[in-house]
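Below is one structure, written out as structure tokens, with a few remarks after it.
Counting starts at 1 for both ligands and their atoms, in listed order. The first residue of the sequence shown is numbered 1, and numbering continues consecutively from there. Side chains included, hydrogens not; waters and symmetry mates left out as well; all remaining heavy atoms used.
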Amino acid sequence: MAVLRSRLDTASAEYAADREAMLGALEPLAALAATVHAAGGERPVARHRQRGKLLARERVDLLLDEDAPFLELSAFAGAHDPETEQPGARVITGIGPVSGVECMVVANEATVKGGSVSPAGVAKQLRALEIAERNRLPVVSLVESGGADLPRQADIFVPGGRTFRDLSRLSAQGIPTIALVFGSSTAGGAYVPGMSEHTVFVAGAASVYLGGPPLVKMATGEDTDDETLGGADMHARVSGLADHLAVDERDAIRIGRQIVADLGWRKAGPPPALPADEPRYPAEELLGCAAADPKRAVEVREVLARVLDGSRFDEFKPLYGTTLVTGWGSIGGRPVGVLANNGILFSEESNKGAHFIQLANARDTPLLFVQNITGFMVGTAAERGGIIKDGAKLINAVSNSSVPHLTLMVGASYGAGNYGMSGRAYDPRFVFTWPSHRIAVMGGPQLAGVMSIVQRGAAQRAGRPYDDATDAQVRAMTEAMIDAQSGALYATGRGWDDGVIDPRHTRTVLALALSAVHSAPVRGTTSYAPFRM
Ligand code: COA
């Protein structure tokens, strides 16, 4: 198999500038990670500990196999809206092995607003369940939540109901669901254990009811208390909602691990079949593999040379449609077909991409899309050459391809390029981004310029004067707004991806994701929409 040879000049000023820019972009991420890890902050954490409770992250750590990797997802959900959301959105989600079985773990962060669910938290939880369903991962919920964030109920109530529907549908597909209840699990939240196949309640701590004592008093006039209404002991002995009564949190986690061990769960996809040796070039150099200026082209093979096993890559059609690099490699010993942008997509690239996706489906091989794309080519020559119909072929192939897609966004993701390269709307199993990532319908200056031309034309047609000074002001404001809404942190806050990652971790993250997708069968399709010829 061919091996990629790096031409990256790590002594160049350009490399140094790109590396500096990437390190600078990583700083706010580190600060956010510290905030997320500090959970609710000093006082709520101290109060939580005084109650003899473990923090959500400690529960996750104990649940997972010792020293096992945890692929945390959407760690900065909510970060786009610091006014009303907490970074992390009060819930931890991610994939890690429990008793040797890769599981989706969903853990409420009880020290932040009582673990109540915010709008970003609903979206994050639903995404976790979607990932569990598509990749056939058992779900373990670590529950301690005040239910819906009541003042924000209008943005939670209707979409949030899907959580319980999804849990039920997972079970119906034979994907096990397990709830370990450490504290409050109230109202709609009571349906997390309610819809789970296995439940473990911590004695003296779990309280699970449709309405708490104050609500019961309001509704029926009955005087009652937490324990009688929804305590662990009551549910274990009387209602039957608790399958297991744990003496404390560690016992609950031990029982949870045993339940997973007893599932006898096996991956349905093939095991790794190729050597999983390290790339020939250091991951550290990925820091300088994305352009600080998104308009400057970078060689995507430099990224592949630092991600693929042994830097091995058998390129498909290297001389044709050269701004889309396609070929075969592997990560962590699992084969992948790669489609990676090396510039704008033209007709040739679109046709080559559609062809390659069909080949990967014929071979039941997962696809890795590496996005750095400012869009499909525009202009008279491109239109007359059929760029729409050729782009449609690529989008048709991406839409109907049934092998797992992993999408990595290292730079721009603009326009229909996002669609043709398996953007979030095209259901990739996972989407990860680098801090250098920008996402929008187009770049800020281009969008502001288009609006200016349109508005100037409209004024001319209506015979209205068009003030150049106002135009310049509006352009600058529009550009700043689009810029603010195009960054990696904004995007991940909105849940447009499954996480912003440090470029140096790319291979590890992709290997974990690739392993997770093999929990489900990996099968390609031969069924597409008619290709427009
Ligand atoms: N919505 C919004 N905020 C909530 C909340 C909810 N459902 N539940 C708790 N909070 C907030 C509290 O207002 C408080 O905020 P603050 O830190 O700004 O003061 C913080 O979470 C901690 O609440 P507190 O009651 O002090 O913590 P606790 O650990 O003693 O109790 C609960 C936690 C969840 C048991 C308790 O707050 C509770 O019963 N909440 C209401 C649950 C409910 O009825 N939910 C209905 C959902 S449909």
Subject >> Contact (N/O only, under 3.5 Å) between Ser145 and ligand 1 >> reply: no
**OP:** Return a yes/no value: protein heavy atom under 4.0 Å from atom 46 (C) of ligand 1?
**Re:** yes
Original post:
Looking only at heavy atoms of Gln153, does any of them come nearer than 4.0 Å to an atom of ligand 1?
Top reply: no
Subject >> Minimal non-hydrogen separation, Cys103 against Val260, with atom names >> reply: SG-CG1, 4.1 Å
Subject >> Identity and separation of the nearest protein heavy atom to atom 1 (N) of ligand 1 >> reply: Leu150 N, 3.0 Å
Subject >> Charged tip of Arg59 within 45° of Phe182 ring normal and under 6.0 Å >> reply: yes
Original post:
Between Arg51 and ligand 1, which part of the residue brings a heavy atom under 4.0 Å of the ligand: side chain, backbone, both or neither?
Top reply: side chain
**OP:** Identify the protein heavy atom lying closest to atom 35 (C) of ligand 1, giving its residue, its atom name and the separation to 0.1 Å.
**Re:** Ser184 CB, 3.7 Å
Original post:
Has Arg250 got more than 12 heavy atoms of other residues, nucleotides or ligands less than 6.0 Å from its CZ?
Top reply: no
Subject >> Exercise check, heavy-atom protein proximity under 4.0 Å to atom 37 (O) of ligand 1 >> reply: no
Subject >> Minimum-distance protein heavy atom relative to atom 14 (C) of ligand 1 >> reply: Lys113 CA, 4.9 Å
Original post:
What protein heavy atom is closest to atom 24 (P) of ligand 1, reported as residue, atom name and distance in Å?
Top reply: Arg47 NH2, 3.6 Å
Original post:
Quick one: does Ser422's side chain get under 4.5 Å of Leu367's, heavy atoms only?
Top reply: no
Subject >> Donor-acceptor under 3.5 Å (Ser145 side chain, Ser185 main chain) >> reply: no
**OP:** Check whether the side chains of Gln258 and Asp262 place a donor and an acceptor atom closer than 3.5 Å, and report yes or no.
**Re:** yes
Subject >> Nearest neighbour of atom 6 (C) of ligand 1 from the list Ala148, Ser185, Gly114, Gly147, on a heavy-atom basis >> reply: Ala148
Original post:
Going through the checks in order, is the salt bridge (Lys or Arg N to Asp or Glu O under 4.0 Å) test met by Arg169 and Glu133?
Top reply: CA-CA 8 Å; Arg169 289 173 68 129; Glu133 180 179 358; 5.1 Å; no
Original post:
Ser519 and Glu102: side-chain donor and acceptor closer than 3.5 Å?
Top reply: no
Original post:
Would you say Arg152 touches ligand 1, if touching means a heavy atom closer than 4.0 Å?
Top reply: no
Original post:
Is Gly188 in polar range of ligand 1, meaning some N or O pair under 3.5 Å apart?
Top reply: no
Subject >> Any protein heavy atom < 4.0 Å from atom 10 (N) of ligand 1 >> reply: yes
Subject >> Any non-hydrogen protein atom less than 4.0 Å away from atom 42 (C) of ligand 1 >> reply: yes
**OP:** List the closest protein heavy-atom neighbour of atom 48 (S) of ligand 1: residue, atom name, distance to the nearest 0.1 Å.
**Re:** Ala187 CB, 3.3 Å
Original post:
Any protein heavy atom lying closer than 4.0 Å to atom 31 (O) of ligand 1?
Top reply: no
Subject >> Proximal atoms of ligand 1 relative to Asp149 (non-hydrogen, under 4.0 Å) >> reply: 1 (N), 2 (C)
Subject >> Enumerated ligand 1 atoms positioned under 4.0 Å from heavy atoms of Gly146 >> reply: 7 (N), 34 (C), 42 (C), 43 (C), 45 (N), 46 (C), 47 (C)
Original post:
Hey, what's the ring geometry for His80 with Tyr490, parallel, tilted or perpendicular (30° and 60° as the breaks)?
Top reply: perpendicular
**OP:** Would you indicate whether Arg162, at its atom CZ, is surrounded by more than 12 heavy atoms from other residues, nucleotides or ligands within a distance under 6.0 Å?
**Re:** no
Original post:
For atom 27 (O) of ligand 1, is some protein heavy-atom partner under 4.0 Å away?
Top reply: yes
**OP:** May I ask which of Ala110, Ser116, Gly160 has a heavy atom nearer to atom 3 (N) of ligand 1 than the others do?
**Re:** Ser116
Original post:
How are the rings of His235 and Phe201 set to each other: parallel, tilted or perpendicular (split at 30° and 60°)?
Top reply: perpendicular
Original post:
Does the protein put a heavy atom under 4.0 Å from atom 17 (O) of ligand 1?
Top reply: no
**OP:** Say whether Thr186, considering both its backbone and side-chain N or O atoms, lies within less than 3.5 Å of an N or O atom on ligand 1.
**Re:** no
**OP:** For residues Ala232 and Ala242, report the shortest heavy-atom separation together with the two atoms involved.
**Re:** O-CB, 4.4 Å
Subject >> Student check: side-chain heavy atoms of Ile131 and Met104 closer than 4.5 Å >> reply: yes
